[in-house]
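All values reported here derive from a predicted model rather than from experimental measurement. In the text below, chain A, chain B and the rest are named by the order of the sequence lines, each starting its count at 1.
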Protein chains: 2
Amino acid sequence: MTATNGGPTPGSDATGDRPGAGTDPARSDTVAVVVRQWRAVHPELDTGPMEIIGRINRCAALLQQAEDAPLRRAGLSRPEFDLLGALRRTGHELTPGELARETFSSGAAVTKRLKQLTERGLVERRGDTRDRRVAHLRLTEAGRDLVDGILPEQLAYETSVLSALSSESQGELAGRLSELLSRLESQMHALRA
Amino acid sequence: MTATNGGPTPGSDATGDRPGAGTDPARSDTVAVVVRQWRAVHPELDTGPMEIIGRINRCAALLQQAEDAPLRRAGLSRPEFDLLGALRRTGHELTPGELARETFSSGAAVTKRLKQLTERGLVERRGDTRDRRVAHLRLTEAGRDLVDGILPEQLAYETSVLSALSSESQGELAGRLSELLSRLESQMHALRA
DNA sequence: AGCATATAGTTTACTAGTGAAATATACGTG
DNA sequence: CACGTATATTTCACTAGTAAACTATATGCT
């Protein structure tokens with residue numbers, strides 16, 4: 001992802017700032033600076049995709065960094081919380097394979113996390129009676145309480161972070177992202193099939 | 001990031017689908033399913049932030065997975081390419097510290113990457129004459145050629161992925177993301193100060 | 001000048017994730 | 001019913017990143 005390639009760009013300040021070129025977003029974030037640098041070096045390339053992909057990556061990185069804080073207070077990493085959250089929100093037991101799909105992780109990673117979370121008494125394991133290859137995982141009381149305790153904090157924090165955007169902006173952004181995401185997901189699905 | 005917590009949600013299909021609730025985006029992506037699950041379990045919580053943050057994270061994950069492919073063909077990881085790209089787009093030498101800031105990595109990670117990239121003959125190191133603590137890195141001829149060879153491929157690929165969105169959608173999305181990103185970045189800056 | 005403190009970068013010990021191989025079990029078919 | 005193949009999960013060897021300690025150098029104050 002070329003577009004990811006971006007940074008705060010401390011010193012350098014390329015000039016050439018001229019509006020109306022394609023998807024020029026006027027506002028100056030770090031991605032805009034990076035795009036300007038690339039255009040200065042490779043004027044022949046269409047840097048349009050960077051404006052979207054670079055920003056998505058950058059936003060994701062910033063949001064994660066900020067939002068991992070509440071989790072760490074609870075002694076959880078995000079992947080761990082995602083796993084617990086999957087169990088909580090589905091409301092029923094899940095197999096390791098299902099958990100891997102839900103959290104977009106490899107099976108090996110899920111195995112490791114489950115080991116730790118089980119040792120910490122947050123999840124319980126039960127073997128399937130019919131098919132002895134599969135296991136069923138569920139939250140313990142403590143695990144459920146932990147998730148339910150963290151979730152409101154997290155949402156409150158997220159709300160405050162996003163409050164920098166007007167309600168209209170938020171709705172618009174959510175809609176566009178949903179549009180992109182659903183297309184990406186069906187592309188993915190098509191590729192694998 | 002609670003909102004990240006999401007998955008393809010294979011089996012389960014919570015029902016309650018009623019439009020017009022806050023930032024309801026109509027289109028059904030995996031994040032929408034996850035949000036519906038959370039609402040079913042915790043109806044009292046405002047799940048609005050998930051609609052944005054969850055989608056940003058999900059999009060970032062999907063885009064990265066897809067786009068890392070061209071890089072891997074060239075034998076580079078994304079962080080490595082980001083480092084090389086920073087050198088290429090700024091057009092001048094950078095110190096390890098500057099590279100760390102440009103690529104949002106830790107200093108230690110940059111040190112490791114530089115070691116590898118130097119061994120591969122893609123970057124060169126030069127000591128500062130005045131301040132002997134600092135080093136200056138620049139691309140070798142081979143490094144520059146590699147970046148210049150990969151970049152167009154990457155942009156072309158990104159263009160094709162995003163072509164699922166109309167030009168208007170793309171512009172709108174880039175603008176909203178830029179708005180969010182610049183606010184996030186100034187929040188960040190404010191926090192550290 | 002001499003010492004305290006700040007800064008740049010590297011090293012170290014450790015952690016978490018990955019892909020591939022291994023293990024265990026189930027299923028389908030002749 | 002036995003065998004080959006598919007599936008679920010774990011294990012293993014390895015890689016990359018991190019935070020904290022460490023080294024080397026510079027800067028400022030008295």
Side-chain angles (χ1 to χ4, degrees), chain A residues 4 10-11 57 60-61 64-65 68-69 71-73 75-84 86-87 93-120 123-138 192, chain B residues 4 10-11 57 60-61 64-65 68-69 71-73 75-84 86-87 93-120 123-138 192:
Chain A
T4 284
N57 286 317
Q64 285 185 6
Q65 183 181 349
D68 281 350
L71 288 181
R72 262 194 277 275
R73 260 188 282 133
L76 287 176
S77 70
R78 173 195 302 275
E80 286 169 337
F81 183 73
D82 282 353
L83 195 159
L84 297 178
L87 289 171
E93 295 179 329
L94 293 173
T95 67
E98 287 168 341
L99 281 168
R101 280 189 292 276
E102 286 287 333
T103 62
F104 304 103
S105 310
S106 70
V110 168
T111 296
K112 280 193 178 181
R113 277 174 218 143
L114 285 175
K115 197 164 100 185
Q116 290 195 342
L117 294 172
T118 306
E119 282 167 2
R120 285 203 248 168
V123 300
E124 278 173 345
R125 165 184 299 255
R126 164 180 88 74
D128 189 301
T129 41
R130 310 287 185 87
D131 185 340
R132 297 198 311 200
R133 291 171 303 179
V134 329
H136 296 276
L137 284 305
R138 62 168 175 271
R192 271 184 309 167
Chain B
T4 284
N57 286 317
Q64 285 185 5
Q65 183 182 347
D68 281 350
L71 288 182
R72 261 193 277 274
R73 260 189 281 134
L76 287 177
S77 68
R78 173 196 301 275
E80 286 169 339
F81 183 74
D82 282 355
L83 196 160
L84 297 178
L87 288 171
E93 295 179 329
L94 292 173
T95 67
E98 289 168 339
L99 281 168
R101 280 188 292 276
E102 287 287 333
T103 61
F104 304 102
S105 310
S106 70
V110 168
T111 296
K112 279 194 178 178
R113 277 174 218 144
L114 285 176
K115 197 163 100 184
Q116 291 194 341
L117 295 171
T118 307
E119 281 166 2
R120 285 203 249 168
V123 300
E124 278 174 344
R125 165 184 297 256
R126 163 181 87 74
D128 189 299
T129 41
R130 309 288 184 87
D131 186 340
R132 297 199 309 201
R133 291 171 304 180
V134 328
H136 297 275
L137 284 304
R138 62 168 175 271
R192 272 184 308 167

What residues, two or more places apart in sequence or in another chain, satisfy salt bridge (Lys or Arg N to Asp or Glu O under 4.0 Å) together with D131(A)?
R133(A)

Mind checking which nucleotides bracket the chain B contacts on DNA chain D, 5' to 3', with an atom under 4.0 Å from a heavy atom?
dA16(D) to dA26(D)

L114(B) vs L99(B), test: side-chain contact (heavy atoms from CB on, under 4.5 Å). Steps then yes/no.
CA-CA 10 Å; L114(B) 285 176; L99(B) 281 168; 4.0 Å; yes

Letter by letter from the 5' end, nucleotides 8-18 of chain C scores (B base, S sugar-phosphate only, - none; protein heavy atoms under 4.0 Å) SSBB----SBB

Interatomic distance, [X] atom [atom1] to [Y] atom [atom2] [nearest 0.5 angstrom]:
X	Y	atom1	atom2	result
L117(B)	E124(B)	CG	CD	12.5 Å
L94(B)	H136(B)	CG	NE2	10.0 Å
L71(A)	Q64(A)	CG	CD	10.5 Å
K115(B)	E119(B)	NZ	CD	6.5 Å

Using a strict cut-off of less than 4.0 Å between a Lys/Arg side-chain nitrogen and an Asp/Glu carboxylate oxygen, indicate whether R113(B) and E80(B) qualify as a salt bridge.
no

Nearest-angstrom distance from the residue atom CZ of R132(A) to C1' of dC27(C)
15 Å

side-chain contact (heavy atoms from CB on, under 4.5 Å) for L76(B) and R120(B)? Distances and angles first, verdict last.
CA-CA 11 Å; L76(B) 287 177; R120(B) 285 203 249 168; 3.8 Å; yes

